[in-house]
Amino acid sequence: MIDVALLRDNPEALADSLRRRFLDIDVPSLASLDEERRRVRVAAEDLRAEQRRRGKEIATLSGDEKQEAIAAVARIANDYKDKLVAADALDAEFEAEWVKMPNPAHASAPVGHTDEDNIEIERIGEPVAPDFEVLDHLAIGEALDIIDAERGAKVSGSRFAYLKGAAVLYEFALVRWGLDVLSGHGFTPVAPPILVREDALFGTGFLPGARDQVYAVGVADGEGGFESDGLYLAGTAEIPLAGLHMDEILEEADLPRRYVGFSTCFRREAGTYGKDTRGIFRVHQFDKLEMFAYVTPDQSWDEHEYLLEREREIVDALEIPYRIVNVCTGDLGDPAAKKYDIEAWFPGQNAYREITSCSNTTDFQARRLRIRYRDEQGDNRLVHTLNGTAIAVGRTLIALLENHQQADGSVLIPAALQPYLGTDRIGP
RNA sequence: GGAGGGAUCGCAUAGUCUGGCCUAGUGCGCACGCCUGGAAAGCGUGUAGACGGUGUAAGUCGUCUCGAGGGUUCGAAUCCCUCUCCCUCCGCCA
């Protein structure tokens with residue numbers, strides 16, 4: 001959610017922000033709705049003030065005088081209730097529109113419609129062209145008997161897979177290494193709840209927009225009936241990490257406050273039928289290490305670069321060629337003002353594909369979650385929140401397998417991970 | 001799943017039975033001041049948030065919030081209903 005002051009003080013800037021995201025929202029009519037709701041609210045509050053003032057006098061009266069006063073105040077109370085209902089209805093009408101308002105994109109975010117309009121800002125490492133036939137991760141994984149997508153589908157359906165043997169050890173080596181790297185930078189490791197309430201989902205901006213991407217939890221009666229528990233499977237640790245400080249006022253001295261959360265992530269992947277169907281590139285369930293930072297508004301743009309640096313540090317150590325893209329306005333998502341994706345080179349697809357994503361959501365999430373800090377003057381101000389992928393285990397494994405495969409079918413392990421895995425290669 | 005007890009202004013508590021004197025009292029903590037060579041003690045003052053009106057501003061005025069939402073009433077921390085969370089016990093359980 002964004003600041004209504006933008007609508008009142010600078011509607012042109014708001015309209016411009018919407019144009020940059022190719023959204024057609026009628027700003028003037030929203031502005032007049034806002035004025036109307038405040039006008040009715042003030043009228044209701046004035047009636048309420050009079051009711052309270054005269055209601056207090058009743059206790060001092062008696063007899064006919066008291067009865068007359070009660071009748072008079074009852075009329076005011078009725079008027080107030082009518083006005084209150086009207087004011088509440090207008091508020092609800094306005095809020096329903098306002099929560100859909102995306103975060104204005106940062107000036108440096110490129111204007112564009114789809115991920116094809118993202119701007120590459122740097123390319124690191126050279127894809128090597130090996131002198132043998134390159135296999136994709138599923139072929140490698142099946143040959144080594146460490147990825148089993150077929151049995152995953154048997155038990156759970158499409159977009160599920162088993163990791164086995166060395167792939168599992170590799171996953172936990174990556175996770176442990178990632179935690180060591182980031183706690184070395186002062187990030188606090190967190191194992192958060194992955195079932196979250198609707199509030200937390202709304203607060204991070206996943207609702208009301210992306211309801212069809214989220215699994216709901218409840219009791220199924222086996223005959224198609226379903227009773228919701230009001231809980232949802234988080235698609236990323238970003239959600240419980242953002243919710244961690246909801247309704248809190250932090251001390252400025254404690255900022256930036258950085259966390260690295262480990263969680264399994266669940267995604268329905270609605271609308272992706274037929275896309276990335278092979279292997280474990282796009283699955284309903286994967287594990288991820290996610291960075292999350294709470295900062296002051298002054299710190300947030302530096303922090304965005306800082307989180308990107310942490311991602312680079314990690315991908316560099318994995319010895320994988322990659323590029324960094326500045327995500328365009330059409331591909332940003334409502335909460336983010338700016339987003340960097342790191343796209344690793346995937347020899348099996350002969351393409352760069354996303355393995356991390358790093359967003360500055362400025363005060364968009366903080367306003368919905370009511371996360372503030374007390375500044376030097378003692379005023380409470382909204383924090384800025386940022387998130388960035390540290391290690392998305394599934395896709396990182398793919399990149400590692402495909403980039404480090406050898407002619408003999410084995411896969412080399414980058415030096416940084418060898419101590420964690422206890423070997424320098426997987427396979428023959 | 002069953003039975004019971006709770007949730008009050010940072011913390012602890014009073015207030016709820018019996019609606020208006022609650023503009024929510026008190027203690028602790030915290031901040032500032034007085035006192036002191038300095039400190040402690042003592043004394044004094046202050047000590048939530050949100051929204052909105054007004055004002056260049058400091059400010060000032062109003063409304064809302066006693067876990068959340070609804071209801072009764074001229075009037076609700078207090079009475080009624082629903083929900084959430086916490087605690088104790090029983091059952092089940094990794």
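A note on names: the letters A, B, ... follow the listed sequences, proteins ahead of strands, and every chain is numbered from 1.
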Provide the distance between the two P atoms, one in G4(B) and one in G15(B), to the nearest whole Å. 24 Å
Distances under 3.5 Å only, N/O to N/O: pair up the protein atoms with those of nucleotides 19-23 of chain B.
from, atom 1, to, atom 2, distance (Å)
G20(B), N2, Gly55(A), O, 2.8

Task: SB check Asp379(A) Arg374(A) (cutoff 4.0 Å) - done: no
Per-nt protein contacts along nucleotides 76-84 of chain B (heavy atom under 4.0 Å; B base, S backbone sugar-phosphate only, - none) come out as S-------S
Answer for the Watson-Crick or wobble partner of A50(B), both distances under 3.5 Å, is U63(B)
Tabulate protein N/O versus nucleotide N/O from nucleotides 51-57 of chain B, keeping only pairs under 3.5 Å, one per line.
from, atom 1, to, atom 2, distance (Å)
G52(B), OP1, Arg8(A), NH1, 2.9
G52(B), OP1, Arg8(A), NH2, 3.0
G53(B), OP1, Arg38(A), NH1, 2.9

Per the under-4.0 Å heavy-atom filter, residues of residues 85-101 of chain A near RNA chain B come out as none
Q.
Between Asp88(A) and Arg41(A) (salt bridge meaning N to carboxylate O under 4.0 Å), is one present in this structure?
A. yes
Using a 3.5 Å cut-off and no angle test, enumerate the donor-acceptor pairs between side-chain atoms of residues 311-320 of chain A and protein atoms at least two apart in sequence or in another chain.
from, atom 1, to, atom 2, distance (Å)
Glu311(A), OE1, Thr356(A), OG1, 2.8
Glu311(A), OE2, Thr389(A), N, 3.0
Arg312(A), NH1, Glu122(A), OE1, 2.8
Arg312(A), NH2, Glu122(A), OE2, 3.1
Glu313(A), OE1, His185(A), NE2, 2.9
Glu313(A), OE1, Arg310(A), NE, 2.9
Glu313(A), OE1, Arg310(A), NH2, 3.0
Glu313(A), OE2, His185(A), NE2, 3.2
Asp316(A), OD1, Tyr322(A), OH, 2.8

Sorted by chain and number, sequence neighbours left out, side-chain hydrogen bond (donor to acceptor under 3.5 Å, both in side chains) with Asp180(A) holds for Arg176(A), Tyr420(A)
Notebook entry, point to check: Are the charged groups of Glu303(A) and Arg258(A) less than 4.0 angstrom apart, N to O?
Noted result: yes
Rounded to whole Å, CG of Asn78(A) lies from C1' of G75(B) at a distance of 14 Å
Ion pair check, Arg19(A) and Glu12(A), cut-off under 4.0 Å = no
Exercise for the section: May I ask you to decide whether Asp334(A) forms a salt bridge with Lys100(A), counting only side-chain N to carboxylate O separations under 4.0 Å? Expected result: no
query = Salt bridge or not for Glu50(A) and Arg54(A), using N-O below 4.0 Å?
reply = yes
Atom CD of Glu251(A) and atom C1' of C30(B) are separated, to the nearest Å, by 11 Å
*Could you please spell out the steps behind the salt bridge (Lys or Arg N to Asp or Glu O under 4.0 Å) verdict for Glu269(A) and Arg282(A)?*
CA-CA 8 Å; Glu269(A) 296 294 350; Arg282(A) 187 181 297 280; 3.2 Å; yes
Notebook entry, point to check: Taking OP1 and OP2 of G75(B), is either one under 4.0 Å from a side-chain nitrogen or oxygen of Arg53(A)?
Noted result: no
Nearest heavy-atom contact between Leu289(A) and Val175(A) is CD2-O, 3.6 Å
Write down the distance separating the C1' atoms in U47(B) and C28(B), rounded off to the nearest Å. 13 Å
Task: Arg20(A) and Asp16(A) ion-paired at < 4.0 Å - done: no
The answer to which of Arg54(A) and Ile249(A) contacts RNA chain B further toward the 5' end, by nearest nucleotide, is Ile249(A)
Scanning both residues in full, the closest heavy-atom pair of Pro192(A) with Ala237(A) reads CG-CB, 4.3 Å
TODO: Report yes if the side chains of Gln285(A) and Cys265(A) come closer than 4.5 Å at any heavy-atom pair, otherwise no.
DONE: no
Nearest-nucleotide check on RNA chain B, Ala77(A) vs Arg374(A); residue mapping nearer the 5' end is Arg374(A)
